[in-house]
Amino acid sequence: MNMKFRNKKKSVQAAVVFVCLLLLTVTSAVSRQAVEREHKHPEFWKAVTYFSDEWVMNFWNSEMDTVGEDFQQILEDGFNSIIIAVPWREFQPQTKQVEYNDYAFEKLTWLMEQADKYGLDVIVRVGYAYDFYRDQEDSQIWQRYYAYFTDQQIQRAWAGYLEKLNGLLTKQKRYLGAFLTWEDWWGTVSYAQALGGKSEESRQMAQQMGYQDYLVEKYPVSALKQIFQDETITDREDLYIPSVSASAFTTFYDFYDELLIRLLADSQQVMPNLSMEVRSDQDLIYDEGGNEAYYSHKRTFDCQDSSFVSTVYGIPMGFENRGEKVTASQALEKTAYMLQSIHQETKRKDLFIDQFLFYDNTPKFRNNAQLQTGEINIYLKQAAKLLYEQTIGYGIWTYRDYHSNMIYNPQFALGTQGWTVAGDARLINDGSNKLELQKGSCLSQAVSGSRMHYPDEYVTVSFDVQLVNTSDAEITIQVGHSECNITLTKSERIVRKLKNTGDWNLSIATDADICIDNVKLYTHTQEGLVYDSNGKQQECLEGVRRMNALIDQYQKAEKEQEAQVEP
């Protein structure tokens, strides 16, 4: 690659650099020393999304008692940054009468301090849309995001959330920047896709969202009749959300992009330099003849006042996704094309890949293109130079494999909050919180359907059990209408797979004194091929380490080359 995008300031001609260096020589020695004492952020962000040994959805109510060893390992693997997702609802549980979760903000401050202690910079994903906080009261969390576009009170609440978050983050010297994502606001599009078609409910949504207003401001009624292929449209009130298979649905994508542009602009008033993860993959649409085409959300790519653009990149992008197994060279060609396509739309604004998906085993994407066995590490080695030249950094989503754990407060970090105890129990701490259940007691948690993200025929229950003053125990596990009995003769981790009955309420009963910790209830394990869920090294760890080392070499070589032009 001859074109260099990653840092525009480094793309100047040598003469300009020389002039700048001359100007710098007049800077006072005192000023230079002051700058040198300040923390210098890495020029290239090598990050992992961090949620310890839990899932991002229940991370903030977990203990985080392995942070030190986790951060040390992240550093040793060649990374210099972490990405943390900050759920809107868990940090701001109520929007009508605004309420903040002080515990979550205190935990965020502590986490930032730990990152500073270990020398890791922090990038923040704001407004993460998924958590289990009070989900019995507000199970349809996506409705908050949907209502944002029409409810001024929720808009004010969002601004308050950003203001409080920004105030905390900007006090931390390891804070690099923040971004929101199209993904967290996609529920509005999903709702429109499900609802689309000529109906009263669809018409009401079009009215509430402002879609009707958008259309009549952009098109005359005569044109709308043709776009919708509906001669009964005579006025604004006749407009509805079109079917996703209709050519008119393109106008809803236009409208949605307009909403995102407005959302980011308003958010940047509160959190300056806030970026957005833009949707770089394209959506299937149809022309008036029913022929397939693809819609690009490129109007959102510039991220307005932000100094950088964020995006997801995965191997399937650019392929047909019919189960292909591709080579490293084929994948690298698509990677280069996708990155250059974004740069063309943003006039080479700095680009950060917050999710670099070189492997993905998400069930609903089973037919997506994947790298061939043995080709992933080759791809990572070859991708290092491309990433360095065309981006300011990348992040790995699945640094450590995780289970889709549906349990709130799974490690008893919040005591028994979210749990119901029938009988006697007490919280103990031997360096980690545990719950001691006494003989005849039962521990249970109501698990709403909103927590089930990966439907499957079976559900797995896992927890650590320690026997207390007894040689054995009879334990009964129940998930919905499925039940199993276990005779325990030693302290161990219990793992059982039960039939999924569509009811996920969990209960654990015992006939003896036991201690319980690390409760999990899941149907899927997300894999990243770096570390498994127990922290064991996987096949791509060396490839990732080598990629990071190569990026460091490129950065070092560039600095040495720049030093040669100094007077």
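This one's a predicted model, so the numbers in the text were calculated from it and none came from an experiment.
- Ring pair Y191/Y146: centre-to-centre distance below 6.0 Å.
- Q155 and D151 share no donor-acceptor pair across their side chains, judged by distance under 3.5 Å alone.
- For S462 (side chain) and V495 (main-chain N/O), no donor-acceptor pair under 3.5 Å exists by modelled atom type.
- A cation-pi contact, defined as under 6.0 Å to the ring centre and within 45° of the axis, links K385 to Y554.
- Between the side chains of N548 and Y394, at least one donor N or O lies within less than 3.5 Å of an accepting N or O.
- Of the candidates D401, V56, D360, Q526 forms a side-chain contact (heavy atoms from CB on, under 4.5 Å) with just one, namely D360.
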*Checking ring pair (Phe, Tyr, Trp, His ring centres under 6.0 Å) for the pair Y531/Y399: CA distance, chi angles, key distance, verdict?*
CA-CA 6 Å; Y531 289 97; Y399 175 68; 5.2 Å; yes

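- A donor and an acceptor atom, one from each side chain of W397 and Y402, are located under 3.5 Å apart.
- Between N61 and E90, the side chains place a donor N or O and an acceptor N or O closer than 3.5 Å (distance only, hydrogens not considered).
- Side-chain polar atoms of D464 and N518 form a donor-acceptor pair below 3.5 angstrom.
- Between G418 and Q445, the shortest heavy-atom contact is O-CG, 3.3 Å.
- A donor-acceptor pair shorter than 3.5 Å can be found between the side chains of Y408 and Q417.
- Between the E436 side chain and the I428 main chain, no donor and acceptor come within less than 3.5 Å of each other.
- Between Y454 and W55, the two ring planes are tilted [angle within 30° to 60°].
- Under 3.5 Å, the side chains of Y313 and S280 contain no donor-acceptor pair of N or O atoms.
- The minimum heavy-atom distance linking G160 with Q92 is given by the pair C-NE2, 4.3 Å.
- When only modelled atom types and interatomic distance are considered, S190 and W142 share no side-chain donor-acceptor pair under 3.5 Å.
- Annotation for Q411 and E63: closest pair OE1-N, 2.8 Å, computed over non-hydrogen atoms.
- A donor-acceptor pair is defined here as one N or O able to donate and one able to accept, closer than 3.5 Å; no such pair exists between the side chain of E527 and the backbone of D532.
- Between W185 and F149, a ring centre-to-centre spacing shorter than 6.0 Å is recorded.
- Between Y145 and W186, a ring centre-to-centre spacing not shorter than 6.0 Å is recorded.
- A donor-acceptor pair shorter than 3.5 Å can be found between the side chains of E183 and Q355.
- Salt-bridge formation is detected for the pair K434/D430: a Lys NZ or Arg NE/NH1/NH2 atom is positioned less than 4.0 Å from an Asp or Glu carboxylate oxygen.
- Atoms OG and NZ, on S81 and K46 in that order, are 8.5 Å from each other to the nearest 0.5 Å.
- Here the CE atom belonging to M452 is positioned 10.5 Å from the CG atom belonging to D503, to the nearest 0.5 angstrom.
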*Please lay out, stage by stage, how K381 and N377 fare under the test side chain to side chain contact (heavy atoms under 4.5 Å, CB included).*
CA-CA 6 Å; K381 180 180 180 181; N377 284 336; over 6 Å; no

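- In this structure, Q304 and I261 approach most closely via the heavy-atom pair NE2-O, 3.0 Å.
- Here the straight-line distance linking atom CG of L165 with atom CG of L162 works out to 7.0 Å at 0.5 Å rounding.
- One distance of note links CD1 of I74 with OH of Y50; it measures 6.5 Å at 0.5 Å rounding.
- Aromatic rings from F44 and Y388 are positioned such that their centres are separated by under 6.0 Å.
- Judged by the 6.0 Å distance and 45° axis criteria, K117 is not positioned over the aromatic ring of F71.
- If you take CG on D116 and CE on M112, they are separated by 8.5 Å, rounding to the nearest 0.5 Å.
- Less than 6.0 angstrom separates the ring centroid of F352 from the ring centroid of W45.
- Checked by atom type, the side-chain pair S307/N273 shows a donor-acceptor distance below 3.5 Å.
- Using a 3.5 Å distance cut-off with no hydrogens or angles, the side chains of N405 and E54 do pair a donor with an acceptor.
- Y100 carries K164 over the face of its six-membered ring, with the cationic atom under 6.0 Å from the centre and within 45° of the normal.
- Within a 6.0 Å sphere centred on CD of E163, other residues, nucleotides and ligands contribute 12 heavy atoms or fewer.
- Atom CD of E76 sits in a crowded spot, with more than 12 heavy atoms from other residues, nucleotides or ligands closer than 6.0 Å.
- Considering every non-hydrogen atom in both G127 and D184, the closest pair reads O-OD2, 3.5 Å.
- A ring pair (Phe, Tyr, Trp, His ring centres under 6.0 Å) with H453 holds for exactly one of Y522, F132, Y130, W504; it is Y130.
- To the nearest 0.5 Å, the span separating CZ on R125 from CG on L180 amounts to 9.5 Å.
- Remark: R144 is not positioned above the aromatic ring of W158, lacking an NZ or CZ atom under 6.0 angstrom from the ring centre and at most 45 degrees off the axis.
- D513 has no carboxylate O lying under 4.0 Å from a charged side-chain N of K439, or vice versa, which leaves the two without a salt bridge.
- No side-chain N or O of T346 forms a donor-acceptor pair with one of D302 less than 3.5 Å apart.
- By the 4.5 Å heavy-atom criterion applied to side chains, Y133 and P93 are counted as neighbours.
- The two residues L75 and G119 make their nearest non-hydrogen contact at CD2-O, 4.1 Å.
- Between the side chains of T66 and D70, at least one donor N or O lies within less than 3.5 Å of an accepting N or O.
- Between the side chain of T460 and the backbone N or O of K497 there is no donor-acceptor pair closer than 3.5 Å.
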